[in-house]
Amino acid sequence: MKFATLTLALAGAMALTGCTNLVSLNPFVTEKQAVMDPNLVGTWKSDDGDSIFVVEGGTSSYSITYTNKGDSTPFTAMLFKAGDAELLDLVSTKEAFLQVPVHAVVRVWPEGSQLRWAFLSSKWLQEQTTRELVSQPVGDTQMLTSPGEAVRSVLLKYAGDSKAWDDKPNVMTRMP
């Protein structure tokens, strides 16, 4: 059991990119629950000009390529709504030895030529989720190990609250 716990912690730590402090081992939205927002599709550039996101839509999911200073990382994402909030279940598809793909929740606000987004990983949200879900700390990160439907249920309750993210949302501009 200790080996399994150590392996899980090591794999989870290796999977994290340092961008969020709240991840899930299980997806929290299914293809049947996923919705599509055509406003997300496109090529988006960060305000600092260093990062580009290319978002392509499928039938129930998005393919996202994040490029920063020549390095690219592929992701898949499924969208669901929690009240007025649009949330992405984001997971890296970049394979690495001993890496367990983890799911991060990202709130998005697509508005015309701007896309605002923020990882939902505030201390407040972590307190809500860890009080109601099974989780394990991995360094500074809380890894949710509850089934995806349980995670989704908690997100439906709390993700629309402005306390769910720490910083002001990142802003990106649609490229022609």
If only atom types and distance count, is the side chain of [X] paired as donor or acceptor with the main-chain N or O of [Y] below 3.5 Å?
{"X": "Ser92", "Y": "Lys94", "answer": "yes"}
{"X": "Gln126", "Y": "Asn21", "answer": "yes"}
{"X": "Arg174", "Y": "Val41", "answer": "yes"}
{"X": "Gln114", "Y": "Glu111", "answer": "no"}
{"X": "Ser135", "Y": "Thr130", "answer": "no"}
{"X": "Asp89", "Y": "Pro27", "answer": "no"}
{"X": "Asp50", "Y": "Lys69", "answer": "no"}
{"X": "Thr43", "Y": "Val54", "answer": "no"}

Close side-chain approach of [X] to [Y], heavy-atom, < 4.5 Å:
{"X": "Ser24", "Y": "Met143", "result": "no"}
{"X": "Met36", "Y": "Tyr62", "result": "yes"}
{"X": "Leu40", "Y": "Leu115", "result": "yes"}
{"X": "Leu22", "Y": "Thr141", "result": "no"}
{"X": "Ser61", "Y": "Thr76", "result": "no"}
{"X": "Gln33", "Y": "Arg152", "result": "yes"}

Is there a continuous path of hydrophobic side-chain contacts, each under 4.5 Å between heavy atoms, that joins [X] to [Y]?
{"X": "Leu144", "Y": "Leu125", "answer": "yes"}
{"X": "Leu88", "Y": "Tyr66", "answer": "yes"}
{"X": "Val55", "Y": "Leu79", "answer": "yes"}
{"X": "Leu87", "Y": "Val35", "answer": "no"}
{"X": "Leu120", "Y": "Leu156", "answer": "yes"}

What verdict does the side-chain contact (heavy atoms from CB on, under 4.5 Å) test give for Gln142 and Thr129, after you've listed the backbone C-alpha separation in whole Å, the side-chain angles of each residue and the deciding distance to 0.1 Å? CA-CA 9 Å; Gln142 228 21 71; Thr129 56; 5.6 Å; no
Just wondering, are more than 12 heavy atoms of other shown residues or ligands nearer than 6.0 Å to CD in Glu31?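 Not buried by this count: 12 neighbours or fewer within 6.0 Å.
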Answer yes or no: are there more than 12 heavy-atom neighbours, outside Asp84 itself, under 6.0 Å from its atom CG?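 No, CG of Asp84 has 12 or fewer neighbouring heavy atoms, counting only those of other groups under 6.0 Å.
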Give the minimum heavy-atom separation between [X] and [Y], together with the two atoms involved.
{"X": "Ala164", "Y": "Ala159", "value": "CB-O, 3.9 Å"}
{"X": "Asn26", "Y": "Pro147", "value": "ND2-CA, 3.9 Å"}
{"X": "Ala118", "Y": "Pro169", "value": "CB-CA, 4.1 Å"}
{"X": "Met172", "Y": "Ser46", "value": "CE-N, 3.3 Å"}
{"X": "Asp166", "Y": "Ser121", "value": "OD2-O, 4.0 Å"}
{"X": "Val29", "Y": "Ala34", "value": "CG2-N, 3.8 Å"}

Decide yes or no on side-chain contact (heavy atoms from CB on, under 4.5 Å) for Lys157 and Glu132, but give the supporting numbers first. CA-CA 11 Å; Lys157 278 200 303 198; Glu132 297 184 33; 2.8 Å; yes
When rounded to the nearest 0.5 angstrom, what distance separates CG in Asn68 from CD1 in Ile52?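 Between Asn68 CG and Ile52 CD1, I get 9.5 Å after rounding to 0.5 Å.
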From Ser146 atom OG to Phe28 atom CZ, the distance as rounded to the nearest 0.5 Å: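 Here the interatomic distance stands at 13.0 Å.
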Criterion side-chain contact (heavy atoms from CB on, under 4.5 Å) on Val102 and Leu25, from CA distance to verdict: CA-CA 5 Å; Val102 293; Leu25 282 178; 4.2 Å; yes
Between Trp165 and Trp109, how do the two ring planes meet: parallel, tilted or perpendicular, split at 30° and 60°?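 It falls in the perpendicular class, over 60°.
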Is there any ring-ring contact (aromatic ring centres under 6.0 Å, His included) pair reaching into residues 32-52, and which pairs are they, with sequence neighbours excluded?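 ring-ring contact (aromatic ring centres under 6.0 Å, His included) check on residues 32-52 returns no pairs.
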side-chain contact (heavy atoms from CB on, under 4.5 Å) between Leu155 and Phe80, worked out: CA-CA 10 Å; Leu155 289 173; Phe80 75 98; 4.2 Å; yes
